[in-house]
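Residue numbers start at 1 and run along the sequence shown. The model shown is predicted, which means the values in this text are computed figures rather than measured ones.
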Amino acid sequence: MTTRKKSYFSFFGILCATVNRKMHSQFSSIETTINQNMPKIIKLLLSSQLKPAKQYSTNNL
């Protein structure tokens, strides 16, 4: 008696492939958004960086 093993896609395999595809799509859209907005973000961070306080004041009383 010989038994043939049927090779079907498992539920877990299909779920994993679907989740992987959706996650890749989400990561791709996030990466695109970041790459497009990176110059604006850098400019904003550089303009709002903290300036050092004056070490020597001319109004010493």
Exercise. Is the backbone N or O of Ile14 less than 3.5 Å from a side-chain atom of Thr18, with the two atoms forming a donor-acceptor pair by type?
Worked result: yes

For this session: Calculate, to the nearest 0.5 Å, the distance between atoms CE and SG belonging to Met23 and Cys16 respectively.
Result: 9.5 Å

Using distance only, find each side-chain donor-acceptor pair of residues 33-45 under 3.5 Å and give its atom names and separation, not counting sequence neighbours.
{"residue": "Thr33", "atom": "OG1", "partner": "Ser29", "partner atom": "O", "Å": "2.9"}
{"residue": "Asn35", "atom": "ND2", "partner": "Glu31", "partner atom": "O", "Å": "3.4"}
{"residue": "Asn37", "atom": "ND2", "partner": "Thr33", "partner atom": "O", "Å": "3.3"}

